[in-house]
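Worksheet: the structure to be examined is printed underneath.
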Number of protein chains: 2
Amino acid sequence: MPSTTRERILDAALELIQERGFGGTTVTGIEELAGLSPGSGSFYRHFRSKEEVFRSVFERELDRARRHREAFERGPVTADPRDALTRRLLQQLDYLARIRPLITLLAREHGRFPELTRTVRSALLDQGIAEEADHLARDLPGAPGHDDPHALLAVVVSALTGYHLSSEFFGRPPAGIDPARFATALAALITGPPQEASRTDG
Amino acid sequence: MPSTTRERILDAALELIQERGFGGTTVTGIEELAGLSPGSGSFYRHFRSKEEVFRSVFERELDRARRHREAFERGPVTADPRDALTRRLLQQLDYLARIRPLITLLAREHGRFPELTRTVRSALLDQGIAEEADHLARDLPGAPGHDDPHALLAVVVSALTGYHLSSEFFGRPPAGIDPARFATALAALITGPPQEASRTDG
DNA sequence: GTCTATATCTCGATAGAC
DNA sequence: GTCTATCGAGATATAGAC
């Protein structure tokens, strides 16, 4: 990793904005964290303004998120749909963890930069939800008790994002449940009571 | 409605901090929104500093949230547990909507004011989750397929908070599902397939 | 308790040496 | 491309008249 000054500035800006917000972050602070002389205008040899560096930070995180989504490996559809589903849900949680900076930027600055909302929504959420709907429809073709598939999808997506955001805001997962246990419980909820044999989980 | 100057300052500060964050909010802006002369130090006849007004805003929202929680009306336990559960989940969503300012403050400023995390967590989440666990245990005494009640609780809480936060950050609910439909789907998921059909216990 | 006025400081941004 | 130095704007906070 070459780590150019420009990249160190982006790293510093991301870190500070995540912690203190855009309004609470100073160019001097960014310079200092990037290893430049604080108060010198060296920052401005790389970015024209504080707003510009924010947009660059945001774009970089958006690109990273897109790449993470493309690299999404679909879990193999095994004989047991619950197993496949659990694995898929765990991947989703892992994906959310990987794009954490993007989510944090959105959560913090969607008031000051309203265009973030549209961008993230169309790039990740709409597209991601559409894909997820396909997966759910494929993995659970005729599951009973799911007479509103769209609402079911909303529940699953909400559960995953809620788990992630609770962990983020409160510093610990809801009820102290780790991701694997959470995914298992959610998958069990979706697939319903064991279909043929006795309970597989134990 | 007396609306003292102090209260108008608190209102103004809350609104601006929610929109721009603590670092992006100025005392001058608070004064202006509170109907005082912008740039005059009139603010300082009521609060000693910007930090102090933030803490006062936070305390006020915390009190409001506590009162909302106390006023929580428990839905009557009807013959159909799914109905009761749906109503209860809708109340939870309504509760989250009512304490929205507190959640927004936490989401935005938990980096700058780490003590917010502990306070909100102990005042709302821990206590709320404990109560919710009781309710779930009571409403769903022997529901099948729930061999990990703690994880189930985490799923439910995550789904509710995720629904709320997605609506907040993205400006619309997940998949465009309204609260009633969401609660219905979540309740259906928890209670499983319709109860009329006889089933064997596990 | 609100105003005008202002002290003091920090911030964003620029100029120019090297 | 980084530094020292600094400008001008705007921020927090204070002083004192009314």
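Protein chains get the first letters and strands the later ones, always in sequence-line order, with residue 1 at the start of each.
- With a 6.0 Å radius and a threshold of 12 heavy atoms from other residues, nucleotides or ligands, Arg98(A) has its CZ atom at or below the threshold.
- Listed nucleotides: dA13(C), dT4(C), dT2(D). Nearest to the side chain of Ser37(B): dT4(C).
- Rounding to whole angstrom units, CD of residue Glu32(B) and P of dT2(C) are separated by 16 Å.
- Across dA13(D), dG12(C), dT2(D), the shortest atom-to-atom separation from the side chain of Leu36(A) is found for dT2(D).
- For dC3(C), one of the phosphate oxygens OP1 or OP2 lies less than 4.0 angstrom from a side-chain nitrogen or oxygen of Ser42(B).
- Atom CG of Leu165(A) sits about 7.0 Å away from atom OG of Ser166(B), to the nearest 0.5 Å.
- Among dC3(C), dT12(D), dC3(D), the nucleotide with an atom closest to any side-chain atom of Tyr44(B) is dT12(D).
- dT14(C) atom P lies 11 Å from atom CD of Glu52(A), rounded to whole Å.
- With distances taken from any side-chain atom of Thr26(A) to the nucleotides dG1(D), dT14(D), dG12(C), the minimum falls on dG12(C).
- Look at CD on Glu7(A): it is 13 Å from P on dG1(D), rounded to the nearest Å.
- Look at CD1 on Ile30(A): it is 12 Å from P on dC11(C), rounded to the nearest Å.
- The side chain of Lys50(B) lies closest to dA13(D) when the candidates are dA13(D), dG12(C), dT2(C).
- Note on Arg6(B) versus Asp11(B): no salt bridge recorded, every NZ/NE/NH1/NH2 to OD/OE distance being 4.0 Å or above.
- Between Gly39(B) and Thr5(B), the residue anchored closer to the 5' end of DNA chain C is Thr5(B), taking for each the nucleotide with the nearest heavy atom.
- A donor-acceptor contact under 3.5 Å links the side chain of Arg45(A) to the base of dG16(C).
- In summary, the side chains of Ser37(B) and Glu31(B) do not present any donor paired with an acceptor at a separation below 3.5 Å, with no hydrogens or angles considered.
- Rounded to whole angstrom, the span from the CZ atom of Phe54(A) across to the P atom of dG12(C) amounts to 15 Å.
- Atom CD in Glu31(A) sits about 11 Å away from atom P in dT4(D), given to the nearest Å.
- Checked options Leu106(A), Asp63(A), Val120(A); the residue passing with Phe58(A) is Val120(A) (criterion: side chain to side chain contact (heavy atoms under 4.5 Å, CB included)).
- Distance Arg8(B) CZ to dG1(C) P: 11 Å, rounded to the nearest Å.
- Protein atom CZ of Phe43(A) is 14 Å distant from nucleotide atom P of dC11(C), rounded to whole Å.
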